[in-house]
Amino acid sequence: MKKVGLYGGTFDPPHLGHLIMAEEVREQLQLDEIWFIPTGVPPHKGGVDTPAKHRLKMVELSIKGNRQFRMEPIEVNREGVSYTVDTVKTLKQKHPEVEFYFIIGADMVEYLSKWYKIDDLLVMVRFVGVNRKGHRLKSEYPVLEVTMPTIEISSTEVKKRLKEGRTISYFVPFEVKQYIRENGLYGFK
């Protein structure tokens with residue numbers, strides 16, 4: 001059975017920390033692929049500032065060249081709030097031959113009990129928790145643990161640096177930096 005890691009997020013913008021995390025999970029759990037799922041309207045954040053078309057393109061540029069990474073636009077294409085349970089249910093129906101793993105950071109592991117229909121999700125996927133500074137991988141739910149080097153890059157930091165007129169070289173893939181510049185995203189000048 002094919003094993004696929006699902007990696008959701010706003011990816012606003014995607015950065016090297018995202019890619020390193022995905023690759024670490026893929027390698028350590030010997031997954032066949034990682035599917036990046038840019039979120040539509042996340043239930044815990046409200047809206048996303050950057051239009052979906054830009055986030056999709058930046059994810060596409062980020063994973064280009066890695067045959068084991070692919071993008072799944074299911075949440076962006078669906079209207080309304082993006083509940084993980086709906087996404088996974090649809091993917092399971094479309095790909096019954098796949099065993100899914102759902103990748104989350106340690107900060108999200110702490111809140112699994114608050115996830116919408118968590119008991120339904122636990123039947124459909126295996127959760128994978130990745131260590132994150134300042135958070136513990138403790139949960140009352142079964143969570144596979146993956147450790148990775150601490151990478152202190154975040155989308156918030158990338159946007160802050162752009163706002164301050166600082167470089168984002170080596171924070172995001174070169175092609176993403178070019179796309180941000182060409183489209184004037186995040187105040188890039």
Quick note, ring-ring contact (aromatic ring centres under 6.0 Å, His included) partners involving residues 58-82, not counting sequence neighbours, are Phe36-Phe69

In short, salt bridge (charged side-chain N to carboxylate O under 4.0 Å, His left out) pairs touching residues 158-174 with sequence neighbours left out are Asp12-Lys159, Glu157-Arg161, Lys160-Glu164, Glu164-Arg166

Going from [atom1] on [X] to [atom2] on [Y], what distance comes out if it is rounded to the nearest 0.5 angstrom?
X	Y	atom1	atom2	value
Phe102	Met108	CZ	CE	8.5 Å
Thr167	Leu162	OG1	CG	8.5 Å
Leu6	Arg126	CG	CZ	13.5 Å
Thr87	Met124	OG1	CE	9.5 Å
Lys177	Phe171	NZ	CZ	11.0 Å
Ile63	Glu175	CD1	CD	12.0 Å

Whether [X] side chain and [Y] backbone form a donor-acceptor pair below 3.5 Å:
X	Y	answer
His54	Pro51	no
Ser139	Glu110	no
Asp120	Val85	no
Asn183	Leu185	no
His15	Gly17	yes
Gln28	Thr147	yes

Considering residues, nucleotides and ligands other than [X], do more than 12 of their heavy atoms fall under 6.0 Å from its [atom1]?
X	atom1	answer
Glu182	CD	yes
Tyr141	OH	yes
Lys92	NZ	yes

Between [X] and [Y], is any pair of side-chain heavy atoms under 4.5 Å apart?
X	Y	answer
Leu16	Pro173	yes
Asp86	Arg78	yes
Thr50	Tyr186	yes

What are the two closest heavy atoms between [X] and [Y], and how far apart are they?
X	Y	answer
Lys3	Tyr101	CD-OH, 3.5 Å
Met21	Ile103	SD-CG2, 4.1 Å
Pro13	His18	O-CE1, 3.7 Å
Leu122	Pro142	CD2-CD, 4.4 Å
Glu75	Pro38	CB-O, 3.7 Å
Met1	Pro96	CE-O, 4.0 Å

Side-chain donor-acceptor contacts of residues 112-119 below 3.5 Å, not counting sequence neighbours, with atom names and distances?
none

By salt bridge (Lys or Arg N to Asp or Glu O under 4.0 Å), Glu23 pairs with (sequence neighbours left out) Arg26

Hits for salt bridge (Lys or Arg N to Asp or Glu O under 4.0 Å) against Glu72, two or more places apart or cross-chain, chain-then-number order -> Arg70

- Message: Please determine whether residues Ile20 and Val130 belong to a single hydrophobic cluster, defined as Ile, Leu, Val, Met, Phe, Trp and Tyr linked transitively by side-chain heavy-atom distances below 4.5 Å.
- Response: yes

Review point. Yes or no on side-chain contact (heavy atoms from CB on, under 4.5 Å) for Leu91 and Trp35, after CA distance, side-chain angles and deciding distance?
Key: CA-CA 11 Å; Leu91 291 175; Trp35 295 357; 4.2 Å; yes

Ring center gap for Phe174 and Tyr170 short of 6.0 angstrom = no

Practice task
Report the C-alpha separation of Leu121 and Val88 in whole Å, then their side-chain angles, then the decisive distance to 0.1 Å, and conclude whether the side-chain contact (heavy atoms from CB on, under 4.5 Å) test is met.
Solution key: CA-CA 8 Å; Leu121 268 171; Val88 172; 3.9 Å; yes

So Tyr7 and Phe11, would you call those rings parallel, tilted or perpendicular, with 30° and 60° as cut-offs?
-> perpendicular

Sorted by chain and number, sequence neighbours left out, side chain to side chain donor-acceptor pair (under 3.5 Å) with Ser62 holds for none

Evaluation steps, side-chain contact (heavy atoms from CB on, under 4.5 Å), between Val128 and Ile104:
CA-CA 6 Å; Val128 179; Ile104 55 177; over 6 Å; no

key: Verdict with reasoning, Ile37 to Met71, per side-chain contact (heavy atoms from CB on, under 4.5 Å)   = CA-CA 6 Å; Ile37 305 175; Met71 182 172 61; over 6 Å; no

Does the pair Glu33/Lys2 count as a salt bridge with the N-to-O cut at 4.0 Å? yes

